[in-house]
Amino acid sequence: MFKSLETCGAEYGRLRSLEIGVTSRCNFRCAYCGAYDLLERQVLSPADVVRVIEALPDLERVKLSGGEVLLEFDLCEQIIGYCSSRGILTQVNSNGTLLDEEKFERLEAAGLGVLHVSLNHVETAAHAAFYRVSEKMFPRIVRAVERSVSSSSIDTVVETVLFDETEATLPEVHRFAAGLGVRRHEIQMEIPGVHQGYTGTLGQDRLCEAVARLVEARDPRCTLYVSCLSAHLPPGGAHWSRLAPLFRDPGVVRADCVEGKAQLHLHSNGDVLICELGCPEVIGNVFEEDLLTLYRTSARLRDFVRGKHEEGTHSCFRHCDRPGERRGASRGPAFLPVPRVRP
């Protein structure tokens, strides 16, 4: 089930989910992109992935992400097939533009559980302008969502990022997605970008009101999942108190963070990150050390879990400026360190 770990109170001590960054290559140019290792060095093979997964006895879910993950379609298909044979739920995070009927049928045959599609606009020209892509792309996304919704085996989720571009249009995007037949809509609080220098975040007042307006406009057929809220709003604060009553509605779900606690990110070069978005710090490499050993022994990971989860520190964005402010042009973007490459 989508977000099952995030809603069950998963505890540190069992690595139950693995996100695999299959590629950082993409056919979009998103200003808020958090993809790791843009100097792409693909080295993980299906055999490497199998080796890693076989050593994780508590693994319940594998998420495949990018970049645009389906640029490596054959690899994704093989990973999904293997996970399905082991009873491990799989999810693909995609922009949907590379999917056609043949690929959908292959994903269904492999046993894909969840297709997670990004959707931040409802109009072709606005989508093309923001992503700097052809106007042909938006209709492809719509067709992919409609085809996925019609699948008897794939659970379809649409994700919208809450940031200045979508702040005023969230209810419209939500209604559009629900009209396509989507019954699960994830609202991802914005993640300050680390590559293009996009670090502007909504102030807490604006963020809080945008979520409240969206919930008021929620289509009753569609469940809302709100992710990364605690990264922006300190639990127990006034804004948290403002939103807390909204989550009493069973159709509005606050998805707790499991990054570092029950989930790690494995990139295609073997690097293991605490969280690709909020804390893209490398704690080791699976070509040098067993992933489960890294999970159990990393002092940096333990410090993160203690601060983020156990002590309730609300923000994990180490590269983020103060909320509501943009980084000045003179300071430049915050680049991630160049990752290590397998010899």
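Values in this document were obtained by computation on a predicted structure and should not be read as measured data. Side-chain atoms are counted along with the backbone in the values below, which use heavy atoms only and exclude waters and symmetry mates.
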Separation of S151 OG from L112 CG (nearest 0.5 Å): 8.5 Å
Heavy-atom check, side chain of Q78 versus side chain of V49, under 4.5 Å: no
F304-Y12 aromatic ring centre distance below 6.0 Å: no
4.5 Å side-chain heavy-atom contact, Y225 and E159: no
Proximity of F73 and F104 rings by center, below 6.0 Å: no
N269 and N285 side chains, donor-acceptor separation under 3.5 Å: no
CG-CG distance between L64 and L70, expressed to the nearest 0.5 angstrom: 9.0 Å
Derivation and outcome, side chain to side chain donor-acceptor pair (under 3.5 Å), residues N120 and Y131: CA-CA 10 Å; N120 292 315; Y131 289 105; 2.6 Å; yes
Atom pair OG1/CD1 of T90 and I80 - distance to nearest 0.5 Å: 5.0 Å
Exercise: do H185 and T160 side chains pair donor with acceptor under 3.5 Å: yes
Residues in salt bridge (Lys or Arg N to Asp or Glu O under 4.0 Å) contact with E60, at least two apart in sequence or another chain: R14, R16
Qualifying residues under side-chain hydrogen bond (donor to acceptor under 3.5 Å, both in side chains), relative to R296, sequence neighbours excluded: none
Between N27 and E68: side-chain donor-acceptor atoms closer than 3.5 Å: no
Parallel, tilted or perpendicular: rings of F130 and F163 (30°, 60°): perpendicular
Any side-chain donor near an acceptor of the partner, D219 and H174, under 3.5 Å: no
Salt bridge (Lys or Arg N to Asp or Glu O under 4.0 Å) partners for E108, two or more places apart: R147
Polar side chain donor-acceptor pair, E11 to H309, under 3.5 angstrom: no
Contacts of K3 that satisfy salt bridge (Lys or Arg N to Asp or Glu O under 4.0 Å) - sequence neighbours left out: E186
Single-linkage hydrophobic cluster, 4.5 Å side-chain cutoff, V22 and V117 together: yes
Chi angles and distances behind the side chain to side chain donor-acceptor pair (under 3.5 Å) call for S65, E19: CA-CA 7 Å; S65 64; E19 181 168 6; 2.8 Å; yes
Spacing of K308 atom NZ and C257 atom SG [to the nearest 0.5 Å]: 5.0 Å
All salt bridge (Lys or Arg N to Asp or Glu O under 4.0 Å) counterparts of E167, not counting sequence neighbours: R206
Criterion ring pair (Phe, Tyr, Trp, His ring centres under 6.0 Å) on F28 and H127, from CA distance to verdict: CA-CA 11 Å; F28 278 19; H127 178 273; 5.5 Å; yes
Criterion side chain to side chain donor-acceptor pair (under 3.5 Å) on T97 and R140, from CA distance to verdict: CA-CA 5 Å; T97 59; R140 292 179 185 175; 5.5 Å; no
Salt bridge E310-R302, side-chain N to carboxylate O under 4.0 Å: yes
S45: side-chain hydrogen bond (donor to acceptor under 3.5 Å, both in side chains) partners, not counting sequence neighbours: D48
